[in-house]
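Note sheet for the following structure.
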Amino acid sequence: MACVTERKPPGVSFESWIDKQIRLAQERGDFDDLPGAGKPIPAGDVDDELWWVKNYLRRENLPTDSLLPTPLQLRKEIERLPDTIRGMPSEQAVRDVVAQLNLQIVEWLRAPSGPRIPVSPVDADEVVATWRQQKQYVRKPQPAAHPQSQPEPEPAPDPPRAGRRWWRRGR
């Protein structure tokens with residue numbers, strides 16, 4: 001508690017009290033050898049009021065998505081899910097990624113903060129079906145070992161979902 005100053009005495013203005021505290025700190029040498037001493041404060045872009053935020057993100061190597069509220073971050077993760085699972089080696093790895101994302105979504109749903117944006121858990125079976133379709137496009141057909149052998153027929157694509165969503169059925 002040595003660095004805490006005593007209370008401002010009554011009858012002394014705040015401005016003179018603060019000036020006195022700064023002067024005493026300068027005399028003690030508290031401001032000597034600080035990082036950035038003698039360097040000008042970067043002015044930034046005068047037309048952009050968030051120049052300092054952009055500089056911070058660039059300096060710390062952070063993505064701009066880290067500034068978004070949690071529900072928007074989760075929705076962006078859901079949108080990027082097909083790209084995320086594209087190179088996954090197994091179905092279990094895909095399911096693990098979906099399970100981790102669903103844990104984050106459920107955590108936010110239990111204690112929402114920020115704007116009320118609808119976010120719902122992801123269906124792991126649909127993501128696995130997407131992963132399988134992506135793998136089919138990547139896989140090239142192998143030449144037949146025997147000329148009489150027949151290539152295996154490709155599996156039929158998943159049938160489209162029939163009907164309307166339950167909340168729109170009454171319309």
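Connectivity analysis of hydrophobic side chains (ILVMFWY, heavy atoms under 4.5 Å, direct or indirect) links Leu72 to Leu68, Ile117. Residue Ile105 belongs to a hydrophobic cluster whose other members are Leu74, Ile78, Leu81, Ile85, Met88, Val94, Val97, Val98, Leu101, Trp108, Leu109, Val119, Val122, Val127, Val128, Trp131, with links defined by side-chain heavy atoms closer than 4.5 Å.
With hydrogens and angles disregarded, a donor-acceptor distance shorter than 3.5 Å links the side chain of Thr84 to the backbone of Arg80.
Rounded to the nearest 0.5 Å, atoms CD1 (Ile22) and CG (Asp30) are 11.5 Å apart. A distance of 11.5 Å separates CG of Asn55 from CD of Glu60, quoted to the nearest 0.5 Å.
Heavy-atom neighbours of Arg23 CZ from other residues, nucleotides or ligands within 6.0 Å: above the threshold of 12.
Residues Pro69 and Pro115 approach most closely at CB-CD, 3.6 Å, considering heavy atoms. Closest approach of Ser66 and Leu57 over heavy atoms only: OG-CD2, 4.1 Å. Shown here for Arg86 and Gln134, the closest heavy-atom pair between the two residues is CA-OE1, 3.3 Å.
The closest side-chain heavy-atom distance from Pro118 to Arg75 is below 4.5 Å. Side-chain contact between Gln73 and Gln104: absent, with no pair of heavy atoms (C-beta onward) separated by less than 4.5 Å.
The hydrophobic cluster containing Leu67 also contains Leu62, counting ILVMFWY residues as joined when their side-chain heavy atoms lie under 4.5 angstrom apart, directly or transitively. Both Val53 and Tyr56 belong to a single network of hydrophobic side chains, linked directly or stepwise wherever heavy atoms of I, L, V, M, F, W or Y lie under 4.5 Å apart.
Counting only N and O atoms by type, the side chains of Gln92 and Asp96 include a donor and acceptor under 3.5 Å apart.
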